[in-house]
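As structure tokens, the structure follows; a few thoughts come after it.
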Protein chains: 2
Amino acid sequence: MHVFISHICLQCLGKLAYYFVSKTKLSEEEKIRATAHLYRKIAELFEGDLSNYMEICANFYLEVFKVTGEEDLFAEEKKLSNEIAFKLLDLAKQHAETLSGAIKVAAVGNALDFGTGVYEVSLEDFKKEFSELVSREFAINDYSVFVEDLKKSQNILYVLDNAGEAVFDLVLVEKLKEYVDEVIVAARDKPVQNDVTAKEALELGFRKIAKVISTGSRVPGIYLKTCSSEFIEILKNSDLVVLKGQGNYQSIDEIKKVRSKPTYAILRAKCPPVAKALGVKYGDFVFKKLI
Amino acid sequence: MHVFISHICLQCLGKLAYYFVSKTKLSEEEKIRATAHLYRKIAELFEGDLSNYMEICANFYLEVFKVTGEEDLFAEEKKLSNEIAFKLLDLAKQHAETLSGAIKVAAVGNALDFGTGVYEVSLEDFKKEFSELVSREFAINDYSVFVEDLKKSQNILYVLDNAGEAVFDLVLVEKLKEYVDEVIVAARDKPVQNDVTAKEALELGFRKIAKVISTGSRVPGIYLKTCSSEFIEILKNSDLVVLKGQGNYQSIDEIKKVRSKPTYAILRAKCPPVAKALGVKYGDFVFKKLI
């Protein structure tokens, strides 16, 4: 049984199924049938082989898209998330004058999960939260080895996670560019939840500072069967890879299938199985060398 | 499609499945398989006939008990709920000097859902909440017709809901006894969630003021196929029936199969489909004549 898998995953995916279906324009009865269909899928996945977390996760999302279609159901949330993040950008830059500061800012971006209905909180509250979070220490901090790996690298692949959060990644990518010739930024190919897509990343400002590519996939993480060969080549060959957020971190088994060079994760542990796998507390910040 | 059924029911039952399984002593892998089994059951139920809410609800719980067994998984919550409620009893009695006051006190009992991990709240906070809630008006209040029906009644069947809440029902049952010869109090036959059982109701003090019977069933509500013939006879023949809480209210179609005499529900609308069915707002208090 994979270390990322717990029975809480069923509750989490069940809630996501409900959340996705709620956002569609289906009739109430169609929503019931669609949610039931997704519950059956979740049951099937967790009755089967429990050794590959990303396979379960990817297959769940692929089924969600069969039911909900191509539409960007979280467009509004993503737009608002970006707006809020841009309002915090000056403050973020103050904390990101050093490389370690910029890494922390990117990590806090993963903490401020704007995509979960917190819009009633004022910008002042967000500022306070940002300032508090950015002052916290990482529970795991592989910064010193990272600096060594960075010195040996000419190029970096940086894999984005959520909208909003991506604005803070802009700050870190800009800082990383002082150390290497090229940073390639990768994001989801099509809309999935509040994840930023490659197209949206270009619009956010990555256009000016990095080559932006799509993973070729709509899965919130890296599941090779769904990725483009271009992305897999870059994933394999980049001198250094930085993975943002839980979904990308939880793809580590997939990544190891093609990659043996230095790979780091920046994230906040937002669920009990991930916190347990990392040996940290729920809510802790982590900057960890994975390969 | 039954008016009580919405796609939010799947999210609610999925959460309950997770919650029940979490409380067992199963290994992590067994918990995953048990939760998956219950998710499959939920899917099956909502892929099928959607015309009978109680049938879906009852079949879900019967499957939960197959997986979790006979144990009283919520014993601790129920004990604490009763302790907290007894501490508020004097205050409750102050508000229950009139019959209408006692009905409101019983309704507020349904609001203070002690079984959902709110124990960190202080007794002072509970007192404040109680006083605030007891001062609210019912969104539907059939009190005047109730008084008319009460005058014509010699006996009442009063169907209990949760532990904790049942302490406030004690106050109302005592008041009702001033108007009729006999009040029969019914409760679940075996432990299910934070619902009070007939045995527990006896221990709470109903022993002194009423005849206490079991529904014969472990379903949180009334599903005739699982009820004893003794209970069904009393349900059919009582001059007046008072149903506490959502589960009992949502059993109205079952009750109508055997009963045509005055039947009332006292509850707080705690889920969107129930609020919609009643034409009230989520969170509203209701005292409604159903038959």
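Sequence lines set the chain letters: A, B, ... in the order given, protein chains first and strands last, and positions in each chain run from 1. The figures here come from the full heavy-atom set of this structure, side chains too, leaving out hydrogens, waters and symmetry mates.
- With a threshold of 4.5 angstrom between heavy atoms, A:Glu44 approaches chain B through its backbone and through its side chain.
- A salt bridge (charged side-chain N to carboxylate O under 4.0 Å, His left out) with A:Asp195 holds for exactly one of A:Arg218, A:Arg188, A:Lys78; it is A:Arg188.
- Neither the backbone nor the side chain of B:Leu45 comes within contact range of chain A, judged by heavy atoms closer than 4.5 Å.
- Atoms CZ and NZ, from A:Phe60 and A:Lys41 in turn, are 11.0 Å apart once rounded to the nearest 0.5 Å.
- Heavy-atom pairs under 4.5 Å with chain B were tallied for A:Leu50, A:Ile42, A:Ile5; the largest tally goes to A:Leu50.
- For a residue to count as touching a neighbouring chain, one of its non-hydrogen atoms must lie under 4.5 Å from one of that chain's; by this rule B:Leu38 does not touch chain A.
- Taking a 6.0 Å sphere around NZ of A:Lys128, one finds it holds 12 or fewer heavy atoms contributed by other residues, nucleotides or ligands.
- Most heavy-atom pairs under 4.5 Å with chain A, from the set B:Ala34, B:Ala36, B:Cys9: that is B:Ala36.
- When the options B:Lys244, B:Lys270, B:Arg268 are evaluated for a salt bridge (charged side-chain N to carboxylate O under 4.0 Å, His left out) with B:Glu165, the one that passes is B:Lys244.
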A:Tyr249 vs A:Val274, side chain to side chain contact (heavy atoms under 4.5 Å, CB included): CA-CA, chis, key distance, verdict
CA-CA 9 Å; A:Tyr249 160 66; A:Val274 162; 4.0 Å; yes

